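Residue numbers run from 1 in the order of the sequence given. Note that this is a predicted model, so its numbers are computed, not measured. Quick note: numbers below take in every heavy atom, side chains included, and nothing from hydrogens, waters or symmetry partners.
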Amino acid sequence: MKRSGFEHLTESDISRVIEMAWEDRTAFEAIERLYQLKESHVIQLMRQQLKHNSFKLWRKRVQGRVTKHEQLRDPAVSRAYCPTQYKR
């Protein structure tokens, strides 16, 4: 895996950041709180780690998505996941 610019992250961290970035309800601010990566850094990491077409699909998916930014969300949304996502 390419790592340039993200040496402070472990392979596991990078994998989790990518997972969080793909999730519709995980805001970029949540990623920044956990991994100290601003939105622009997440985009850079995704560009480095994903195949070109996968990156293009991801960018198309998240651009303008209200749930990816806490300030644009409905105040009733107070969590980053669906209550049924983690079934027990």
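Rounding to the nearest 0.5 Å places CD1 of Ile18 at 10.0 Å from CD of Gln48. Note: Leu37 CG to Gln44 CD = 9.5 Å, rounded to the nearest 0.5 Å. Atoms CZ and CZ, from Arg47 and Arg59 in turn, are 7.5 Å apart once rounded to the nearest 0.5 Å. A distance of 10.0 Å separates NE2 of His52 from CG of Leu57, quoted to the nearest 0.5 Å.
With sequence neighbours left out, Lys38 forms a side-chain hydrogen bond (donor to acceptor under 3.5 Å, both in side chains) with Glu32.
Closest heavy-atom contact between Thr26 and Met20: CB-O, 3.4 Å. The heavy-atom pair separating Ala21 from Val42 by the smallest distance is CB-CG1, 4.0 Å.
Using a 4.5 Å heavy-atom cutoff, the side chains of Gln49 and Phe55 are not in contact. Counting heavy atoms from C-beta on, the side chains of Trp22 and Val17 never come closer than 4.5 Å. Residues Arg16 and Tyr35 have side chains in contact (heavy-atom distance under 4.5 Å, counting atoms from C-beta outward). By the 4.5 Å heavy-atom criterion applied to side chains, Arg61 and Asp24 are counted as neighbours.
Panel note: side chain Trp58, backbone Ile43; no donor-acceptor pair is recorded below 3.5 Å.
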